[in-house]
There are 2 protein chains.
Amino acid sequence: MLKDFECTQESYAKGILREKGLKSTAQRLAVVHVLHTSGKSLSVGEIHDGVKEMLGVTGLATIYRTLEVFEDLGIVKRLHFPDGGHGYAFSQGEHVHHMVCVGCRVVFDFPECPVESFDYASVEKQGFRVKDHFIQLFGQCGKCAEAA
Amino acid sequence: MLKDFECTQESYAKGILREKGLKSTAQRLAVVHVLHTSGKSLSVGEIHDGVKEMLGVTGLATIYRTLEVFEDLGIVKRLHFPDGGHGYAFSQGEHVHHMVCVGCRVVFDFPECPVESFDYASVEKQGFRVKDHFIQLFGQCGKCAEAA
DNA sequence: ACGTTAAATGAGAATATTTATCAACTGAGC
DNA sequence: GCTCAGTTGATAAATATTCTCATTTAACGT
Ligand SMILES: [Mn+2]
Ligand SMILES: [Mn+2]
Ligand SMILES: [Zn+2]
Ligand SMILES: [Zn+2]
């Protein structure tokens with residue numbers, strides 16, 4: 001039930017929330033805190049647990065609602081794992097992609113976008129207009145590589 | 001309750017199944033048929049409906065089991081949509097990525113891989129070893145672009 | 001064709017995941 | 001402090017996915 005947590009990530013989130021006329025609630029800031037301090041991607045349940053540790057009782061629906069809001073704001077990204085599960089990772093607004101360790105699910109950002117200079121001509125020829133993309137790299141972090 | 005469907009995709013699947021010592025059941029071949037004839041990605045429910053139309057009663061669990069097997073075999077790919085939903089698309093083994101229309105969910109393949117020649121040096125420096133990747137492009141097909 | 005057998009299926013229960021409702025609560029601006 | 005739209009927690013409801021097990025069936029050898 002801490003109450004004083006505040007670092008750049010939290011203020012960053014606050015700024016965006018204010019901009020959009022949304023409230024900076026303790027629950028929302030706690031989600032940011034839990035995500036960015038973990039340094040890895042977390043499941044909804046793990047985030048819920050983390051927030052409960054900080055604030056005490058917290059509704060699971062609030063976590064889902066917060067993650068949805070944050071995803072729209074570009075503050076968090078949803079990741080998709082080969083086993084079908086999902087994770088969420090903190091992500092500062094700009095266009096970044098993620099690289100996740102399939103072992104421990106730590107996340108590394110990579111700001112260079114592989115499709116930045118990709119030529120869509122071959123497919124756009126068929127009348128398709130590309131508007132967005134999702135890229136996720138899988139692999140092993142140093143620690144998990146050793147352990148294996 | 002048709003019984004005679006058979007085209008290159010079905011035999012392709014049969015071949016892979018035999019190779020792996022797995023059975024070519026009517027249900028499995030029906031899933032291939034439904035997927036590839038639709039030309040777009042389908043939800044589990046849609047696939048289930050399509051298979052039931054062909055074979056009559058069919059268990060939903062069988063659809064899930066089949067999709068899992070096929071994904072492992074590289075015959076189908078699971079797609080992830082921005083709204084959180086999932087779709088499955090037929091996909092002939094080779095390394096292919098997909099481009100989906102967020103309107104009607106039609107799927108276009110694009111064989112050229114954007115990360116083929118991408119330099120992971122910047123991130124591998126941190127000890128991370130890239131082993132796989134997932135790429136999905138979003139946009140609008142010609143028809144959906146007009147309709148909008 | 002026939003029998004054998006491991007693999008696969010269908011039914012339905014059991015889980016897991018996600019969304020919807022609504023009364024009560026709270027952050028932000030005045 | 002007062003107001004009010006935005007937010008939350010509790011809980012139910014809706015979806016989505018996985019499990020179990022008795023029964024069926026494809027593949028193979030005869
Ligand atoms: Mn997904
Ligand atoms: Mn690729
Ligand atoms: Zn790791
Ligand atoms: Zn379309």
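Convention: sequence-line order gives letters A, B, ...; per-chain numbering from 1.
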Task: Atom pair distance, as rounded to whole Å: NE2 in A:H48 and P in C:dA16 - done: 16 Å

- [ ] Any chance you could list the contact pattern along nucleotides 23-30 of chain D? Use B for base contacts, S for sugar-phosphate-only contacts and - for none, protein heavy atoms under 4.0 Å, 5' to 3'.
- [x] --BBS---

Task: Nearest-angstrom distance from the residue atom CG of B:L60 to P of D:dT20 - done: 17 Å

Open item on the list: How many whole angstroms separate atom CE of A:M54 from atom C1' of D:dT8?
Closed with: 17 Å

Task: Linked, directly or transitively: B:L79 and A:F134 (ILVMFWY side chains, under 4.5 Å) - done: yes

Task: Atom-to-atom span, CZ of A:R28 to C1' of C:dT26 - whole angstrom - done: 12 Å

- [ ] Can you tell me the distance, in whole Å, between the NZ atom of A:K20 and the C1' atom of C:dA28?
- [x] 18 Å

- [ ] Assess B:R105 against B:F81: is NZ or CZ under 6.0 Å from the centre of the six-membered ring, and within 45 degrees of the ring's axis?
- [x] yes

Open item on the list: Pairing donors with acceptors under 3.5 angstrom, does anything connect the side chains of A:E10 and A:H33?
Closed with: yes

Task: Closest nucleotide among C:dT19, D:dT17, C:dG10 to the B:Y64 side chain - done: D:dT17

Task: 5′-ward residue of the pair B:T62/A:E68 relative to DNA chain C - done: B:T62

Task: Between C1' of C:dT26 and CG of A:L17, the distance in whole Å - done: 15 Å

TODO: Check the side chains of B:D109 and B:H98 for a donor-acceptor pair under 3.5 angstrom, ignoring hydrogens and angles.
DONE: yes

Task: Pair A:H133-B:Q136, side-chain donor/acceptor within less than 3.5 Å - done: no

Task: Toward the 5' end of DNA chain D, by each residue's nearest nucleotide, A:G21 or A:A61 - done: A:G21

Open item on the list: Can you confirm if the aromatic rings of B:F108 and B:F110 lie within a centre distance of less than 6.0 Å?
Closed with: no

Task: Aromatic plane relationship, A:H80 with A:H86 - under 30° parallel, 30 to 60° tilted, over 60° perpendicular - done: perpendicular

Task: Whole-Å distance separating the CD1 atom of A:I63 from the C1' atom of C:dT19 - done: 15 Å

- [ ] In whole angstrom, give the distance that lies between atom CG of A:L29 and atom P of D:dT7.
- [x] 12 Å

Open item on the list: When you measure from the side-chain N and O atoms of A:Q27 to the phosphate of C:dT26, is any distance below 4.0 Å, counting only OP1 and OP2?
Closed with: no

- [ ] Starting from the 5' end of DNA chain D, give me the residue, B:R78 or B:R65, whose nearest nucleotide shows up first.
- [x] B:R78

Open item on the list: Closest approach to the side chain of A:H86, judged atom by atom: which nucleotide of D:dG9, C:dT18, C:dA11 is it?
Closed with: C:dT18

